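Here the structure is a predicted model, which is why all the values come from computation and not from measurement. As the structure lists them, so they are numbered: ligands from 1, and atoms in each ligand from 1.
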Amino acid sequence: MKPTQQKSFDTAAFKQSVKKHLTSTYATTEERASSRSWYLAMGSALAELTTFDMLQTEQDSKINNAKSVNYLSLEFLIGRLTGNNLISLGLYEQVSQAMTDLGQSLTDLLEEERDPSLGNGGLGRLAACFMDSLAAQEFPTVGYGLHYEYGLFKQSFVDGHQQESPDAWRCVEGYPWEIARPELAQEIGFYGHVEVYQEEGKEKRRWIPGMSVKAMPWDLPIVGYQSDTVYPLRLWECRAIAPFSLASFNNGDYFEAQHALIDAGNITKVLYPNDNHEKGKTLRLMQQYFHSAASVRDILRRHEEAGHTLASLPKYETIQLNDTHPTIAIPELMRILIDEKGLGWDEAWAISSETFAYTNHTLLPEALETWSESLIERLLPRHMEIIYHINHLFLQEVRRKWPGDVAKQQKLSIIEEGFHRMVRMANLSVIGSYAVNGVAALHSQLVKRDLFPEFDDLYPSKLQNVTNGITPRRWLKFCNPDLSELISSRIGNEWPAHLEQLEQIAQYADDAEFQQQFMAVKKRNKQRLADWVKEHLDVELDTKAIFDVQIKRLHEYKRQHLNMLHILSLYHRLLNDPEFDMVPRVVFFAAKAAPGYHLAKDIIFAINKIAAKINHDPRIGNKLKVVFIPDYRVSIAEIIIPAADVSEQISTAGKEASGTGNMKMALNGALTIGTMDGANVEIREEVGDDNIYIFGLDVNEVVSLRSNGYNPFDYYHADPLLKASLDLLLGDEFTSGEPDRLRATYDSLLDGGDPYLCLADFASYVQAHQDMDRQYRDQSSWAKKAILNTALVGKFSSDRSIRDYVNNIWKLEAIER
Ligand code: 26W
């Protein structure tokens, strides 16, 4: 990354271009144009600038002769691009001025952009941060994803219940940043059979698909911060090959021929909304193969067009598998090398197994993907043969290492035996990759210890750690301009590209003036959030209250219901204990539940009902408010995160692989209340024990509590505050006249066995909150802690994560343009 440089920018030409798009692309006039048309025209004018740089980058021979990383992910949760790209281009001020000249406010226009929500949560957002850091540091890269017509569903609440509706993120006009690349389209097959034939006296095999579809790429420009490098995020859209069936078309069966078009359109119609839960649906496997096949072919095309030999693939290309979702790319590459390129098995395996690397993002058993063998056999018959052969050779290796140990073979086999034989995608990924990594130190340790101990024995040093990170451009510079300015006023403006420099503000942690400025910024950000809440939810908030924030997917392991229990305990005490005193507090939630995850939806309902009662209960004055912000997405995170005083990271130890919201809030000066889980452990290491509130059982204590037989009723009966809080869920306290409507959560925590140990951690959680409440009263000491959080989390820049991948896994070099 070069030091601050400004792109040359011709304001007059830019304004001309905006006006031209207004009329010729969006068919309106300056006088009549809506804000939306202005935003679209501005976006199109900007995209022209980046497309030029993207094509230059694509044709750069230095880049084509260097090693690239291909980041394969079914999800890229990129968020709005316009504001971020303006920051990266260094054009924010100029474009703002240009739009003012045209009578428009840039800030308002930016609000017109719909978030491209092409991901569920952590894994997809990480992919987006990584693209930003790869481009910023000029590591040659192509991101490969899917061009879903509908992103993650939109969430609204009706009587407190989650309602889902489709997210047509491109609206009718299309998305100004996307560039169609029809010349790079591919044909992708499904179903059919394997043909055996002879060639030069040798038996060969080839797949004859029963149907094919077209993969049409759309490129989104990923603009490197302060660099001329623009790498593509290439998203594949599925289209039918028209006319799909000539026979039925010519027979006059017009509808039959169109029917196939409709089917093919389905493959990338909608993002699967499950997070950490595998469902095994055919269409999902079709998405996965469609994505892998189009991407692998595009990688090989680039490689061959650059004039490189197949044998040198691992020298020029590495393919990072973002979890197991793109793992079918491994047998796909093997199939192409053997059946289409004529390589022998060993030669092909040598190439493939040095090209792929795999990142594991979860240990939850229900999230580890397995696909039914019979489904793969039907949909991808040749791939199933290849998987069998990979497994056959692998099991020979296992037998050499552990002779006679049948249990080991069963455990490690890619095929899980049973009535329905299943293909274990994680095993295939480990076997077919040259490196495997977890996403935080603790998680990577558990990957070795609990998930893949034998693989670690078999392939020492294959299993590694790369702790996740977040891009400081979006998650500080862009979303928190006031704090960014304050930081720059003290330490200069190079920190967004070198986040470790933030450490220099630690020297001001005790400085009364800086503390006061820091807290003033926090207050303005709290006001911005409070204004948003007033406008959209009509709830009045006081910025003197502690803003206590839990924002993430709704899942039992993340324990939003533990937070809810804490709220109930505060409510109970405010009503029943005259001695009880607390700093006013607003507890914010934002979370989507997978549409089929009933308990998660029940928890949302319960929180909404509790909020509705508490927020209007005159008996507790304004001491406690609960706000559930609907439709959590990147653009709303950008408003919530800078306003957080307290960051809730309260998963059961061992369950959250890393977390990245924890990093975003700490960077913006929030104090974490958290368990010893995921990256919380490393955040604590960085900020120090005094500047974080750690509570609850650690991983080992969780294991021993479970092995001793955990009984939530023991805690329920022993702790009157816990009992009183839980009992509030019975009756009709929050659902006037309709008792028992919040029972589902109560039951899961008691009769249901409390699988995530909320009750076991309750007392310690309440205590941590009390400590925090006490310390908040001393604003100077709180300011110091908040400043130190911002100052000491430089490690969690995704630039550092990417350098770890580059140095320890990918082994590639930055190419300056
Ligand atoms: C097949 C269903 C499914 C869908 C998504 C299974 C698993 C997933 C993801 C792997 C879930 C996920 O997003 N994991 C999160 O990844 C983040 C980035 O590494 C971590 O910070 C989170 O802790 C982890 O939950």
Side-chain angles (χ1 to χ4, degrees), residues 71-77 117-130 145-146 152 271-281 283-285 287-288 291 320-328 358-371 422-426 429 436-444 446-447 451 465-471 475 551-559 591-597 632 649-665 674-675 677-683 756 796 798 801-802 804-805:
Y71 201 84
L72 264 59
S73 179
L74 275 272
E75 305 187 13
F76 285 89
L77 191 46
S117 293
L118 308 181
N120 272 289
L123 162 129
R125 182 55 233 174
L126 185 76
C129 285
F130 280 2
L146 287 181
L152 186 60
L271 167 75
Y272 270 86
N274 298 324
D275 181 73
N276 270 309
H277 195 88
E278 165 54 35
K279 285 269 170 57
K281 292 271 191 287
L283 188 59
R284 166 77 175 173
L285 183 59
Q287 285 188 340
Q288 295 190 348
H291 168 257
Q320 189 67 33
L321 303 172
N322 200 22
D323 216 278
T324 56
H325 316 157
T327 291
I328 198 72
Y358 152 58
T359 305
N360 172 283
H361 294 266
T362 181
L363 297 170
L364 297 189
E366 66 270 31
L368 295 178
E369 287 192 298
T370 60
W371 287 107
M422 303 296 281
V423 178
R424 295 169 171 144
M425 300 311 268
S429 305
V436 174
N437 73 286
V439 290
L442 173 68
H443 169 66
S444 299
L446 297 177
V447 166
L451 190 61
N465 173 246
V466 178
T467 297
N468 281 169
I470 55 170
T471 170
W475 297 114
I551 45 175
K552 49 186 78 246
R553 281 300 283 255
L554 211 130
H555 204 292
E556 287 164 273
Y557 86 79
K558 295 177 187 283
R559 300 200 296 192
K592 290 179 182 176
Y597 189 172
Y632 184 49
Q649 308 299 335
I650 61 177
S651 50
T652 316
K655 297 294 178 190
E656 189 69 270
S658 161
T660 45
N662 46 2
M663 302 168 184
K664 291 167 199 164
M665 283 196 268
T675 47
D677 201 15
N680 299 350
V681 176
E682 289 159 82
I683 292 177
Y756 295 96
F796 303 104
S798 46
S801 306
I802 288 301
D804 286 354
Y805 278 100

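When each of R284, R424, M422 is checked for a side chain to side chain contact (heavy atoms under 4.5 Å, CB included) with E369, only R284 meets the rule. Each of D275, L77, N120 was evaluated against L152; a single residue qualifies, N120, per the side chain to side chain contact (heavy atoms under 4.5 Å, CB included) test. With Q649 as the partner, the side chain to side chain contact (heavy atoms under 4.5 Å, CB included) test is satisfied by one option alone out of N662, T675, D677, I683: N662.
With ligand atoms numbered from 1 in the order given, ligand 1 contributes 23 (O) to contacts under 4.0 Å with heavy atoms of A657. Interface of N274 with ligand 1, defined as ligand atoms under 4.0 Å from a residue heavy atom, comprises 4 (C). Within ligand 1, the atoms closer than 4.0 Å to a non-hydrogen atom of D323 are 10 (C), numbered from 1 in the order shown. Residue-ligand proximity, A367 to ligand 1, at heavy-atom distances under 4.0 Å covers atoms 6 (C). Listed by atom number, the atoms of ligand 1 under 4.0 Å from V439 heavy atoms are 19 (O).
With respect to atom 12 (C) of ligand 1, the closest heavy atom belonging to the protein is L123 CB, 3.8 Å. The single protein non-hydrogen atom nearest to atom 2 (C) of ligand 1 is H277 O, 3.3 Å, given as residue, atom name and distance.
For atom 14 (N) of ligand 1, the nearest non-hydrogen atom from the set R125, E278, H361 belongs to H361. Taking only non-hydrogen atoms, the option from G659, A594, G124, A127 nearest to atom 21 (O) of ligand 1 is G659. Considering each of R284, E656, R553, H443, the one bringing a non-hydrogen atom nearest atom 22 (C) of ligand 1 is E656.
For ligand 1, the polar-atom distance check finds no N/O of E75 at less than 3.5 Å from any of the ligand's N/O atoms. At least one N or O atom of Y557 sits closer than 3.5 Å to an N or O atom of ligand 1.
With a 4.0 Å cut-off on non-hydrogen atoms, N276 touches ligand 1 through its backbone as well as its side chain. With a 4.0 Å cut-off on non-hydrogen atoms, F130 does not touch ligand 1 at all. Residue contacts with ligand 1 for T359 are absent, since no atom lies close enough (heavy atoms, distance under 4.0 Å).
The CD1 atom of I470 sits 9.5 Å away from atom CZ of F796, with the distance rounded to the nearest 0.5 Å.
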message: Run T359 and Q320 through side chain to side chain donor-acceptor pair (under 3.5 Å) and show every step you take.
response: CA-CA 7 Å; T359 305; Q320 189 67 33; 2.8 Å; yes

- request: Using the side chain to side chain contact (heavy atoms under 4.5 Å, CB included) rule, take L364 and K655 through it: C-alpha gap first, then chi angles, then the decisive distance, then the call.
  value: CA-CA 7 Å; L364 297 189; K655 297 294 178 190; 3.6 Å; yes

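Using a 3.5 Å distance cut-off with no hydrogens or angles, the side chains of T327 and S429 do pair a donor with an acceptor. Side-chain atoms of Y805 and N437 form a donor-acceptor pair, as typed in the model, at a separation below 3.5 Å.
No donor-acceptor pair under 3.5 Å is formed between the side chain of H291 and the backbone N or O of L72.
Here S444 pairs with N465 under the side-chain contact (heavy atoms from CB on, under 4.5 Å) rule; sequence neighbours left out.
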